[in-house]
Amino acid sequence: MEKPLRLGIVDNDELTLNALQTYFRNRPDEFTVMWGATSGAAAVHLCASTESRPEILLIDMSLSDMNGTTAARKIHATAPSARIPMLALTSFPLKIYAQDAADAGMQGIIAKRSLANIATALRVIADGGTWNTDKSSANFPSLRDLNGRSNARQLNTTRVSEASREAFAPPSTSHNDHEVSQPWAHFTPREAQLLNLYAHGHTSSFAADQLGISINTVKKTTARLFQKLGVSTRGEAIAVWLGMPRNHENCQEYSNRVDAKNAPDTIDHPQ
C-alpha cells in the first residue's frame, strides 16, 4: 500500500483553510496534512525546509500578502532541486488564473466547490499528470516537463497571456502582487459600477440613467460580465461579486470612477 501524500495547504480564508484541513485529515490513507498557512510568505518558508516541505501543495490564488503565482515562483526558486507539485485553488472562474498558474510552474487549477474533485486532482498531479477542467488554452507543465527544462529561470519570469490580458486586465499599468491578487481588479470601472448597482437591487433601466448610458450598453456590459464571471444569471453574478475580497484601500475609488470619457468601455449614449 502506498504511503499517504504529505500535503501542504495555503488559503487566505481561515474558515476555508480549516475546512480543507479537516477534510484531508479524514482521509489518512491518502493524505497527511503537514501544515496549513494563510499567507504566501509562510508557505515559502515552510517549503524551504526539508523538515516541513510537503510532497504536494494546494495553494489559493488570492492571498493577502502576494498572489498564488508569486508564491509558487518563490517556492520553486527557494527549493529548485525539490520540485513540489502544486495545484492552484480558486473560487473564481478558472480562466482568470489558469494561464498565470501554468506560467508559474503549477500543475493544474481547480475550483473550491468540490472537495472530492480536489482530492482526485491532487492524486493525478502527484502521479505526474496535470489537471485543468477549464476549456481555456492554458498548458500546465507536468513535473517531468519542469525537470526537463534547461533554464530554470523560466519559472521566475512573469508572463501573462494576451488572451488573459485583453479579457481581464484593469485599465492600469501597475501589476504589483497586491493588485493582481484582487479578483475585482479584472473588471473595468464601468463593469464594477454596474455590478455595484445590481448588488444594491437596482434595475437595468435605473443603471442606464445613473451611468448616463443607453440600455443597450447596459445589456452588452452585463453580457460581458456574465462571461467574465462564468455565470448565466444576474443573481449568480451578484453572489460572486459580493464574495470577492475588498481589502485593497483603492477598491472603492476604483469602482466609483464614472468618467465616461476615460472609461475603457465603448459607450453608446442615448440620443
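Only a predicted model underlies this, so the values are computations on that prediction, with no experimental measurement involved.
- Taking both residues in full, the closest heavy atoms of Arg27 and Arg123 are given as NH2-NH1, 3.7 Å, listed atom of the first, atom of the second, then distance.
- Atom-to-atom distance recorded for Thr221:OG1 and Leu194:CG is 6.0 Å, nearest 0.5 angstrom.
- The OG1 atom of Thr70 sits 9.0 Å away from atom CE of Met61, with the distance rounded to the nearest 0.5 Å.
- A donor-acceptor pair shorter than 3.5 Å cannot be found between the side chains of Tyr97 and Thr69.
- At a threshold of 4.5 Å between side-chain heavy atoms, the hydrophobic network of Ile, Leu, Val, Met, Phe, Trp and Tyr places Leu5 and Val10 in two separate groups.
- Both Ile56 and Ile118 sit in one connected hydrophobic cluster of ILVMFWY residues. Membership requires side-chain heavy atoms under 4.5 Å apart, directly or through other members.
- Tested against Lys112 for a side chain to side chain donor-acceptor pair (under 3.5 Å), the candidates Asp11, Thr16, Thr90 yield a single pass: Asp11.
- To the nearest 0.5 Å, atoms CD (Gln193) and CD1 (Ile213) are separated by 8.5 Å.
- Between the side chains of Gln99 and Asp103, at least one donor N or O sits under 3.5 Å from an acceptor N or O.
- Residues Leu89 and Leu7 are members of one and the same hydrophobic cluster, defined by side-chain heavy-atom contacts under 4.5 angstrom among Ile, Leu, Val, Met, Phe, Trp and Tyr.
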- Check step by step if side chain to side chain contact (heavy atoms under 4.5 Å, CB included) holds for Gln21 and Ile9. CA-CA 7 Å; Gln21 290 184 97; Ile9 306 175; 4.0 Å; yes
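- With hydrophobic clusters built from ILVMFWY side chains whose heavy atoms lie under 4.5 angstrom apart, Leu58 does not share a cluster with Leu46.
- For the residue pair Tyr23 and Ala116, the shortest heavy atom distance occurs at OH-CA, 3.5 Å.
- Smallest separation of non-hydrogen atoms from Ala98 and Phe140: O-CZ, 3.4 Å.
- Listed here is the closest heavy atom pair of Gly8 and Pro54: N-CB, 3.5 Å.
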- For side chain to side chain contact (heavy atoms under 4.5 Å, CB included), just list the numbers for Gln210 and His202, CA-CA rounded to whole Å, side-chain angles, deciding distance to a tenth of an Å, and then say yes or no. CA-CA 10 Å; Gln210 186 75 9; His202 297 302; over 6 Å; no
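- Within the 4.5 Å cutoff, no side-chain heavy atoms of Ile125 are placed close to those of Thr130.
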- Message: Checking Thr120 against Asn117 for the side-chain hydrogen bond (donor to acceptor under 3.5 Å, both in side chains) test, could you report, in this order, the C-alpha distance in whole Å, the side-chain angles of both residues, the deciding distance, and whether it holds?
- Response: CA-CA 5 Å; Thr120 300; Asn117 285 342; 5.1 Å; no
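- Taking all atoms of both residues into account, the shortest heavy-atom contact from Leu63 to Ser39 is CD1-C, 4.4 Å.
- With rounding to the nearest 0.5 Å, the separation of NZ in Lys95 from CG in Asp100 is 14.5 Å.
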- Message: side chain to side chain contact (heavy atoms under 4.5 Å, CB included) for Leu197 and Phe206? Distances and angles first, verdict last.
- Response: CA-CA 9 Å; Leu197 289 170; Phe206 180 89; 4.1 Å; yes
- Could you walk me through whether Ile84 and Cys47 pass side chain to side chain contact (heavy atoms under 4.5 Å, CB included), step by step? CA-CA 8 Å; Ile84 303 173; Cys47 289; 3.9 Å; yes
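- In the hydrophobic clustering of this structure, Leu17 does not group with Met34; members are Ile, Leu, Val, Met, Phe, Trp, Tyr whose side-chain heavy atoms approach within less than 4.5 Å, directly or through other members.
- We find the CD1-CG distance between Ile110 and Leu122 to be 7.5 Å, quoted to the nearest 0.5 Å.
- Between the side chains of Gln227 and Arg224, no donor-acceptor pair of N or O atoms lies under 3.5 Å.
- Side-chain atoms of Ser204 and Arg234 include a donor-acceptor pair closer than 3.5 Å.
- A donor-acceptor pair is defined here as one N or O able to donate and one able to accept, closer than 3.5 Å; no such pair exists between the side chain of Gln107 and the backbone of Gly129.
- The CZ atom of Arg6 lies 3.5 Å from the CD atom of Glu55; values are rounded to the nearest 0.5 Å.
- Nearest heavy atom pair, residue Ala43 against residue Ala37, reads N-CB, 4.3 Å.
- Proximity of a side-chain donor or acceptor of Arg53 to a complementary backbone N or O of Ala48 within less than 3.5 Å is detected.
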